[in-house]
Amino acid sequence: MDSPSRTRDHSGAGVRGDTGGGHSRSAAWTDPPAVREGGVAGPGVRRGFLTLLGVDLWERFSFFGMAAILVLYLTAAPADGGLGMSQQTATALFATYMSLNFMAGLPGGWLADRVLGARRAVLAGGALIACGHAVLAVTAAPALYTGLALVVVGTGLVKPSLAAMVSAVSGTAKREEAFSRFYMCIQVSALLAPVVTGFLAEKVTWHLGFAAAAFGMVAGLVQFRIGLRVLDGVSSAPTRPLTRAEARTAARRAAVVVAVGAVAATTVVLGVLPLLAVLALLGLATVCLPFLYLRALGRRSAVERHRLTAFTAVMAASAAFWMIFAQSGTALSLFAAHHTDRDVLGFTVPASWLQSVHPLFVLLLAPFAGRLRAPTTTKFAGALAAAGLSFIVMTAAAVMARTGDVSVAWLIAVYLLYSLGEVVLAPAGLALAAAAAPPGYLNRFLALNGMFAAVGVVLGGQLFRLTAVLPLPAYFLALAGIALAAGAAVAAAARRLRLHLPA
């Protein structure tokens with residue numbers, strides 16, 4: 001798929017992208033005055049930003065709300081309204097679903113750039129997400145896969161399109177500030193969503209929790225549609241529409257992808273192939289894709305090979321952090337449900353509520369982490385060390401849980417440690433991807449940052465299957481060892497890596 005050239009949309013606002021051939025942008029291209037001074041001209045700038053902020057808040061509310069209850073729902077007994085899956089199968093399914101959300105941004109962004117335009121992509125994607133959550137509110141088990149697929153496709157359309165519109169509205173001078181605000185707002189949604197959907201799902205009925213997530217997305221779409229008039233035509237059309245020949249080629253490729261997905265889903269529903277086998281194949285593809293892409297890039301572009309190798313090594317190490325991060329919705333959620341004392345003055349705190357602790361810590365720690373001045377390799381090594389130490393604490397908690405439920409303080413300590421790692425590593429990863437990108441490959445390198453996160457999520461989901469044969473303390477200790485070893489490797493190679501990584 002091509003990435004768009006930097007061109008003007010109907011608003012005249014520039015959209016920074018990249019060309020399929022890897023050429024740098026033309027020196028003759030200049031931002032129009034509205035963009036240079038802050039994006040949409042006139043007093044509509046703030047209202048346009050708030051419109052985009054609102055839909056992002058609601059979209060993340062629906063996403064985090066559903067993520068907080070999905071594994072708990074999958075593993076709950078049918079008598080309690082759940083699907084009765086084993087913990088190993090449920091975590092593998094959750095990990096695949098989360099990783100596909102990361103991966104979907106690449107084709108979703110391409111559709112927005114070449115076919116729909118960012119505005120229509122947000123509307124279409126939001127509608128798909130709302131429909132997906134509504135389908136998940138249906139009790140029939142086959143509806144599960146349809147609902148998850150709709151949410152994945154919708155998320156792939158919404159997230160890159162919102163980012164492009166924020167960039168166009170805010171302008172070059174305020175772009176970094178705008179994205180910082182969006183990142184903080186995501187944490188607000190992540191903080192509140194598990195409380196709302198978790199209470200409805202665990203205290204009333206699971207499907208009401210999914211319905212609440214659907215309501216959140218619908219609310220976001222309504223306010224987005226109402227607020228479109230203040231965006232003054234920003235991103236109303238694709239930046240570089242497909243030619244007829246390109247459209248025919250894209251349609252053929254899309255048909256193949258849809259057919260393969262339909263066959264895979266049918267084999268699972270009919271029991272021809274076990275679910276775990278299909279998930280393992282999807283996971284293998286997710287793990288291999290970023291490495292294969294970077295290898296192909298090294299062959300066909302003029303990018304310095306040593307720089308590409310150093311970038312690949314650091315990003316591969318970061319996957320170990322996201323492997324730990326992904327345990328929040330799986331291993332930690334299950335530990336909270338089955339091994340933690342959650343009684344407070346006679347009220348049993350829903351297990352999903354504990355997932356709000358992590359974004360709360362991110363909100364509190366982010367201002368301090370933003371002042372940290374250190375080389376990229378130091379940040380990555382430190383973040384991986386924090387993630388590893390968090391699971392050393394988790395190992396101790398699992399040992400103590402053998403004799404009875406443990407205090408929630410153990411989980412709070414775990415969330416504190418890897419939240420500290422996240423606020424250091426996440427922005428450093430984006431900055432490294434942007435700095436390492438050769439001319440014309442900026443968007444694709446930013447997408448690669450998410451793809452390496454997907455690698456970690458998939459590995460975490462597949463490794464959880466080891467709990468069928470390993471005691472829980474041994475599992476947590478093994479993951480801690482992987483994260484600590486990755487951090488130590490980055491630290492040991494730091495001097496060599498810094499010679500080739502961009503400053």
Side-chain angles (χ1 to χ4, degrees), residues 64-100 132-152 194 197-214 264-283 326-340 342 348-355 398 401 405 457-458 460-472 475:
F64 286 111
M66 199 270 278
I69 63 175
L70 181 57
V71 168
L72 297 176
Y73 164 67
L74 295 176
T75 56
D80 297 326
L83 295 186
M85 283 187 184
S86 70
Q87 293 185 359
Q88 290 75 24
T89 301
T91 53
L93 177 58
F94 178 84
T96 302
Y97 160 73
M98 292 293 287
S99 66
L100 289 176
H133 289 309
V135 168
L136 288 169
V138 177
T139 56
L144 170 73
Y145 307 110
T146 302
L148 293 179
L150 287 171
V151 174
V152 166
T197 60
F199 177 81
L200 293 173
E202 295 187 57
K203 297 299 183 181
V204 185
T205 176
W206 294 106
H207 301 287
L208 190 57
F210 294 123
T266 302
T267 58
V268 172
V269 173
L270 297 179
V272 177
L273 284 177
L275 176 61
L276 282 176
V278 175
L279 296 179
L281 290 173
L282 287 172
Q327 303 299 307
S328 176
T330 55
L332 299 190
S333 184
L334 292 168
F335 188 87
H338 302 297
H339 301 292
T340 303
R342 294 177 282 113
T348 301
V349 175
S352 53
W353 283 17
L354 291 176
Q355 291 192 44
D405 290 345
V457 172
V458 165
Q462 292 297 326
L463 288 174
F464 188 83
R465 296 169 64 180
L466 294 174
T467 57
V469 294
L470 283 179
L472 206 52
Y475 170 73

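Residue numbers count from 1 along this sequence.
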Within a strict 4.5 Å, meaning less than it, do heavy atoms of the [X] and [Y] side chains meet?
{"X": "V151", "Y": "H133", "answer": "yes"}
{"X": "F464", "Y": "L334", "answer": "yes"}
{"X": "L72", "Y": "W206", "answer": "yes"}
{"X": "V457", "Y": "F94", "answer": "no"}
{"X": "L463", "Y": "Q327", "answer": "no"}
{"X": "M85", "Y": "L144", "answer": "yes"}

Write down the atom of [X], the atom of [Y], and the distance for their closest heavy-atom approach.
{"X": "P194", "Y": "A68", "result": "CB-CB, 3.8 Å"}
{"X": "H207", "Y": "L136", "result": "ND1-O, 3.2 Å"}
{"X": "G65", "Y": "T197", "result": "O-OG1, 2.9 Å"}
{"X": "Y475", "Y": "G460", "result": "OH-O, 3.7 Å"}
{"X": "A95", "Y": "G461", "result": "CB-CA, 3.4 Å"}
{"X": "K203", "Y": "P350", "result": "CE-CG, 3.9 Å"}

Looking at residues at least two apart in the chain, or sitting in another chain, which of them share a side-chain hydrogen bond (donor to acceptor under 3.5 Å, both in side chains) with [X]?
{"X": "T340", "answer": "none"}
{"X": "T146", "answer": "none"}
{"X": "T205", "answer": "none"}
{"X": "Q88", "answer": "T467"}

Under 3.5 Å: donor-acceptor pair, side chain of Q355, backbone of S333: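 Side chain of Q355 to backbone of S333: no pair is present.
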Derivation of the side chain to side chain contact (heavy atoms under 4.5 Å, CB included) call for V135 and F210: CA-CA 9 Å; V135 168; F210 294 123; over 6 Å; no
Side chain to side chain contact (heavy atoms under 4.5 Å, CB included) against A401, all qualifying residues, sequence neighbours excluded: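 By the side chain to side chain contact (heavy atoms under 4.5 Å, CB included) rule, A401 matches F335, H339, V406.
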Any residue meeting side chain to side chain contact (heavy atoms under 4.5 Å, CB included) with L100, in chain and number order, not counting sequence neighbours: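 Side chain to side chain contact (heavy atoms under 4.5 Å, CB included) list for L100, sorted by chain: T96, V152.
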Interatomic distance, L70 atom CG to L83 atom CG [nearest 0.5 angstrom]: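 If we round to the nearest 0.5 Å, L70:CG and L83:CG are 9.0 Å apart.
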